[in-house]
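Just follow the structure's listing: the first ligand is 1, and inside any ligand the first atom is 1. Remember, it's a predicted structure, so these values are computed and weren't measured experimentally. Reckoned from all heavy atoms, side chains included, excluding hydrogens, waters and symmetry mates.
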Amino acid sequence: MAASAPLNVVILAAGKGTRMRSARPKVLHEAAGLPLLAWVIRAAQGLKPEHLHLVVGPETETDAAQGTLPGQDAVTSWSVQAERKGTGHAVAQAKDALQGATGYTLVLYADTPLVTTQALAELVADTLADGADLALSTFETGQPAGYGRVILDAEGRPSAIVEERDATAEQRALTLCNGGLMLVRNAVLFDLLGQLRADNAAGELYMTDVVALAREAGLKTRAAELEQALLAGVNSRADLAAVEAQLQQRLRAAVMEAGVTLIAPETVTLCHDTVIGADTVVEPNVFFGPGVSIGTGCRLRAGSYFEGASVGEGVIIGPMARLREGSQLDQGVKVGNFVEIKKAHLAAGAKAPHLTYVGDAKVGERANLGAGTITCNYDGVNKHQTTIGPGAFIGSNAALVAPVSIGAGAIVGACSTVTEDVADDAIITTRAPARLKAGAAERYRNRLRQLKARRENGGG
Ligand code: UD1
Ligand code: MG
């Protein structure tokens, strides 16, 4: 029978993130559209812990109090680390919430967003099977700079972690790194934390020092080697870009696995919540922001940009189209190049093939918007609604000045500026009448030439 024990999680999110050089707290920076903190909470939540405790810094205290931190719904308690005295000091801020808890406590760093529920669950299960009191995650890398180095004893169990700043040249040459996440039997955790000393280069209380303290106390330690791809930490913008690249690879692999063709996968940017149906083809350089769902059998042409959009089956979009928040495109809609859509519903079979802006609008089934159609939705103060009936035909370059409604089957002449409602089946044309003058062009040019000659000869 597999061993089991209650599990608690502490997530450290109080660091200043100095190396990011940002006005924003590090753990709120996003990767694949989700803040780093929320990635870690998500991975931890999958373990269904008894307690999920979050340690925040003063910068995010107000957000925490309002419950608005990303992913905070899953958090059962939180505390503030008012003074940043290091990772060990940060974990100690969970004492009030967790000292009575049983089982094990998993410490996660909120700047380590690639870790998965599955990897954490394996680490917990292996540690329980081993009977260790403390387990830490490790990874091997040829580029260990910035990470703590793990010292193993003859039996391969960790006896200490040495931070890079405190390491000797020999220790620095070690390639086994501390991945940051640590699992400690709760009964000994706060005791060990109480023994931490700030006698190191940073003058901080290091969480990593609990390893040596555990050994001194005769406790059993364990190193769990994970892939570096699961443990990469974000300290700088370059690290953030590396983590983004990893998440993009994962997300692309998942959509392809679900039956989506990505013609040039490395050029497609997905979001943590992007949903794409099977047999949809995504051409190069397509970008997905948050809240996008695409149906089956669609074609998303090169260079298109999506956020907050819901797209049905068999829809063709782009190249170079932009769907913004509140776009809803039903089955078989066609949206062509240089078309922007915002808070608009295009019913089945509607078409906006080129150069169009559809904002705050309802477009009926099979309606056709000619090139250059604009819904003039904004008067400088308020946004107004445009309604276009089923089967309506809007001529090229029409300006529909909202609020306005075009009836079913109605026709709007090219270049019309429509400021009043148009009844079903009516035709409206508002452009100025044409004036045609036969042979006038040559007469006009001659007149211009005469004027020019007079200026050049006469002078003044
Ligand atoms: C830490 C580890 C290092 C490990 C690396 C893995 C320590 C001393 N070092 O280094 O061994 O290889 O992570 O990525 O733990 N934090 C607080 N309060 C603080 C300081 C930090 O909450 O006072 C939080 C940060 O928000 C961050 C996490 O703890 O989420 C780790 O802190 P960071 O400064 O990034 O530690 P590293 O230098 O990366
Ligand atoms: Mg870090």
*At what distance, to the nearest 0.5 angstrom, does CD1 of I11 lie from CG of D111?*
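Interatomic distance, I11 CD1 to D111 CG, rounded to 0.5 Å: 11.5 Å.
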*Report the distance from atom CD1 of I406 to atom CD1 of I388, rounding to the nearest 0.5 Å.*
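So the gap between those two atoms works out to 6.5 Å.
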_Check: R157/T221 side-chain N/O donor and acceptor closer than 3.5 Å_ = no
*For the residue pair H272 and R42, confirm or rule out a side-chain donor-acceptor distance under 3.5 Å.*
yes
*Please list, chain by chain and in numerical order, all residues satisfying side chain to side chain contact (heavy atoms under 4.5 Å, CB included) with T87, sequence neighbours excluded.*
L12, Y109, M207
Please set out all donor-acceptor pairs under 3.5 angstrom arising from side-chain atoms of residues 342-354, sequence neighbours excluded.
residue: K342; atom: NZ; partner: D360; partner atom: OD2; Å: 3.0
residue: H345; atom: NE2; partner: D330; partner atom: OD1; Å: 3.4
residue: H345; atom: NE2; partner: D330; partner atom: OD2; Å: 2.7

*Side chains of P113 and V234 in contact at under 4.5 Å (non-hydrogen atoms)*: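 When only atoms from C-beta onward are counted, V234 and P113 do touch, with a gap below 4.5 Å.
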*Quick one: does I341's side chain get under 4.5 Å of L329's, heavy atoms only?*
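Contact flag for I341/L329 side chains = yes.
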*Just say parallel, tilted or perpendicular for the rings of F287 and Y305, cut-offs at 30° and 60°.*
parallel
*Around the Mg ion (ligand 2), number of protein N/O/S atoms which are nearer than 2.8 Å*: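 Protein N, O or S neighbours of the Mg ion (ligand 2) under 2.8 Å, waters not counted, come to 2.
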Enumerate the pairs of nitrogen or oxygen atoms, one from ligand 1 and one from the protein, separated by less than 3.5 angstrom; state names and distance to 0.1 Å.
residue: ligand 1; atom: 9 (N); partner: E163; partner atom: OE1; Å: 3.0
residue: ligand 1; atom: 9 (N); partner: E163; partner atom: OE2; Å: 3.2
residue: ligand 1; atom: 11 (O); partner: G148; partner atom: N; Å: 3.3
residue: ligand 1; atom: 11 (O); partner: E163; partner atom: OE1; Å: 3.4
residue: ligand 1; atom: 11 (O); partner: E163; partner atom: OE2; Å: 2.6
residue: ligand 1; atom: 11 (O); partner: N178; partner atom: ND2; Å: 2.9
residue: ligand 1; atom: 12 (O); partner: G148; partner atom: N; Å: 2.9
residue: ligand 1; atom: 12 (O); partner: N178; partner atom: O; Å: 2.6
residue: ligand 1; atom: 15 (O); partner: T87; partner atom: OG1; Å: 2.8
residue: ligand 1; atom: 15 (O); partner: Y109; partner atom: OH; Å: 2.8
residue: ligand 1; atom: 18 (N); partner: Q81; partner atom: OE1; Å: 2.6
residue: ligand 1; atom: 22 (O); partner: A14; partner atom: N; Å: 2.9
residue: ligand 1; atom: 22 (O); partner: G15; partner atom: N; Å: 3.3
residue: ligand 1; atom: 23 (O); partner: Q81; partner atom: OE1; Å: 3.3
residue: ligand 1; atom: 23 (O); partner: Q81; partner atom: NE2; Å: 3.2
residue: ligand 1; atom: 23 (O); partner: G86; partner atom: N; Å: 3.0
residue: ligand 1; atom: 23 (O); partner: G86; partner atom: O; Å: 3.2
residue: ligand 1; atom: 26 (O); partner: G15; partner atom: N; Å: 2.8
residue: ligand 1; atom: 30 (O); partner: L12; partner atom: O; Å: 3.0
residue: ligand 1; atom: 30 (O); partner: A110; partner atom: N; Å: 3.4
residue: ligand 1; atom: 30 (O); partner: D111; partner atom: N; Å: 3.4
residue: ligand 1; atom: 34 (O); partner: R19; partner atom: NH2; Å: 3.4
residue: ligand 1; atom: 35 (O); partner: K26; partner atom: NZ; Å: 3.1
residue: ligand 1; atom: 35 (O); partner: D111; partner atom: OD2; Å: 2.7
residue: ligand 1; atom: 35 (O); partner: N235; partner atom: OD1; Å: 3.0
residue: ligand 1; atom: 38 (O); partner: R19; partner atom: NH2; Å: 3.2
residue: ligand 1; atom: 39 (O); partner: N235; partner atom: OD1; Å: 3.3
residue: ligand 1; atom: 39 (O); partner: N235; partner atom: ND2; Å: 3.2

